[in-house]
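Let me begin by presenting the structure, written as structure tokens, before commenting on it.
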Amino acid sequence: MPELPEVETIRRILEPQMVNQKITDIQVFNSQVIAYPEEELFCKELKGQVISNMTRRGKFLTVYFINGDRLVLHLRMTGQLLVMPADAEVEKHTHLILTLSGGNQIRYIDVRRFGRFWYIKSEETDTYTGQDKLGLEPFDEKLTAEYLKSKLSGRKKSIKEMLHDQSIVAGIGNIYSDEILYVAGIYPERKCLELDDREWIRLAEKIPEIMTWGIETNDMTPEEYLAGKGKEYQNMPNLKAYGQAGKSCVKCGTLMEKITVGGRSSTYCPACQSCD
DNA sequence: CTAGCTTCCTGATAGC
DNA sequence: TGCTATCAGGAAGCTA
């Protein structure tokens, strides 16, 4: 599931392949993925648009056009955004194809169809995507221990669950919350109420650190990205907590354990991640 | 305001 | 072998 580092990787790889390209044709195979406006208008607006750049906010991507309009998308669980030649085989679960003037196509493939697209005109305020409710980017200098404390210290929920709240810090999902809590030495089920100042400081430090590390270890060529169909990320083999249940902790050798926190699988080191 | 539950969707896996 | 049941999981929408 793409989280901030993966979405940023996708942006870095795809942006150069899209810039200055005109959208000459739109094919919709499953209109479910179009959240706004309705399909007919969505296609009408997109046709002929020229791409200027691509940005990321949290796990959202935005393709900006030279007239100021933009296409916002969220890949959710299984969304794949690929640029490939128009004559490549159209695989199963392809829901949307945008043909570019240069001969390539932007294709959206999504097994579970949770991902969504929004087309927003330059003069329109985005109240559709939920981006207006996002919290700080992990790299924002305003992300301090004080900020986290002010937002979370009164909450009964576990820190693992609150790291997933996009309105506090944008971009963290189930993989990177495990990684952050692992390096911060905090047990995933710890209630926010119980965290002390030193732990808030460690979190404020480790959130941007882990996100930067995620982006750097994902670094790959467009060819590698396409070969992995835009879903096999480079840093998966580097993860130290997520998916490591039953393996030895790389810091202390203790066997990593898996529990469920707020309905999400969580892996942690019983020795490194203290319960008090 | 917070918390808790449900919905979306299909491939993988477990159980019989 | 082949069937059915269960589950994962990001985020919104709903109720209490």
Side-chain angles (χ1 to χ4, degrees), chain A residues 1-11 28-37 56-62 72-81 91-96 108-118 120 126-138 148-181 188-195 207 211 214 228-233 236 239 241-246 257-268:
Chain A
M1 54 235 83
E3 300 180 21
L4 187 151
E6 289 73 34
V7 176
E8 178 59 22
T9 299
I10 291 168
R11 189 197 71 74
V28 179
F29 301 100
N30 193 325
S31 58
Q32 258 181 305
V33 302
I34 303 170
Y36 177 84
R56 179 199 57 73
R57 171 84 170 96
K59 302 175 203 169
F60 287 88
L61 285 170
T62 300
V72 180
L73 62 119
H74 195 300
L75 302 169
R76 294 283 179 97
M77 300 290 302
T78 52
Q80 300 162 241
L81 194 67
E91 64 182 273
K92 203 176 167 184
H93 307 302
T94 301
H95 306 309
L96 188 68
Y108 184 67
I109 302 163
D110 190 348
V111 170
R112 290 181 208 173
R113 285 186 259 164
F114 287 178
R116 290 292 180 270
F117 285 74
W118 298 262
I120 299 168
D126 174 14
T127 54
Y128 310 104
T129 65
Q131 281 189 101
D132 55 338
K133 296 178 188 73
L134 289 179
L136 297 178
E137 282 290 310
L148 292 174
K149 249 176 98 171
S150 71
K151 292 280 185 184
L152 298 175
S153 63
R155 303 289 295 265
K156 276 189 265 182
K157 274 197 179 174
S158 68
I159 184 60
K160 163 95 176 177
E161 286 172 274
M162 293 317 296
L163 286 177
H164 295 163
D165 187 331
Q166 303 299 300
S167 73
I168 313 289
V169 180
I172 304 171
N174 202 39
I175 294 171
Y176 290 99
S177 62
D178 270 8
E179 297 298 313
I180 290 162
L181 291 170
E189 274 191 306
R190 288 288 301 289
K191 293 184 191 328
C192 292
L193 279 171
E194 302 166 350
L195 294 185
I207 289 169
M211 289 300 178
K229 298 185 175 181
K231 62 178 177 181
E232 286 157 30
Y233 304 105
M236 284 305 172
L239 298 178
Y242 181 86
Q244 304 303 303
E257 285 182 17
K258 188 170 161 182
I259 53 173
T260 299
V261 181
R264 299 285 179 261
S265 74
S266 300
T267 306
Y268 71 103

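Reminder, nothing fancy here: chain letters follow the sequence lines and each chain counts from 1. Quick caveat: nothing in here was measured; it's all calculated off a predicted structure.
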- Task: Would you please say whether a donor-acceptor pair under 3.5 Å links the side chains of A:Thr94 and A:Glu91?
- Result: no

- Base, sugar-phosphate alone, or nothing: which one does A:Tyr242 contact when heavy atoms must sit under 4.0 Å apart? sugar-phosphate

- Query: Over how many whole Å does the gap from A:Phe114 atom CZ to C:dG10 atom P extend?
  - Reply: 10 Å

- Partner residues of A:Arg76 under the side-chain contact (heavy atoms from CB on, under 4.5 Å) criterion, sequence neighbours left out: A:His74, A:Phe114

- Query: Starting at NZ of A:Lys157 and ending at P of B:dT2, how long is that distance when rounded to a whole Å?
  - Reply: 10 Å

- Query: Is there a donor-acceptor pair closer than 3.5 Å between any side-chain N or O of A:Arg57 and the backbone N or O of A:Leu61?
  - Reply: no

- Query: Just checking, any donor-acceptor pair under 3.5 angstrom between side chains of A:Glu179 and A:Tyr242?
  - Reply: no

- Query: Taking CD from A:Glu3 and P from C:dA8, how many angstroms apart are they, rounded to a whole number?
  - Reply: 16 Å

- Find the distance A:Arg155:CZ to B:dA3:C1' and express it as a whole number of Å. 8 Å

- Message: One character per nucleotide, please: for nucleotides 11-16 of chain C, 5' to 3', B when the base has a protein heavy atom closer than 4.0 Å, S when only the sugar-phosphate does, - otherwise.
- Response: SS----

- Take the protein atom NZ of A:Lys231 and the nucleotide atom C1' of B:dG11, then report the distance between them rounded to whole Å. 10 Å

- Query: NZ of A:Lys160 versus P of C:dG9: gap in Å, rounded?
  - Reply: 8 Å

- Task: Can you tell me the distance, in whole Å, between the CD1 atom of A:Ile109 and the P atom of B:dG11?
- Result: 14 Å

- When you check the phosphate oxygens OP1 and OP2 of C:dG9, does a side-chain N or O of A:Ser265 lie under 4.0 Å from one of them? yes

- Query: At under 4.0 Å between heavy atoms, what does A:Lys133 touch on the DNA or RNA strands: base, sugar-phosphate, or nothing?
  - Reply: nothing

- Message: At less than 4.0 Å, is any side-chain N or O atom of A:Arg112 found next to OP1 or OP2 of C:dG10? Yes or no.
- Response: no

- Of all residues at least two apart in sequence or in a different chain, which pass the ring pair (Phe, Tyr, Trp, His ring centres under 6.0 Å) check with A:Tyr108? A:Phe117

- Query: To the nearest Å, how far apart are A:Asp178 CG and C:dG9 P?
  - Reply: 9 Å

- Message: Distance alone, cut at 3.5 Å: any donor-acceptor contact between the side chains of A:Lys160 and A:Ser177?
- Response: yes

- Query: Would you find a donor on one side and an acceptor on the other, under 3.5 Å apart, between the side chain of A:His95 and the backbone of A:His93?
  - Reply: yes

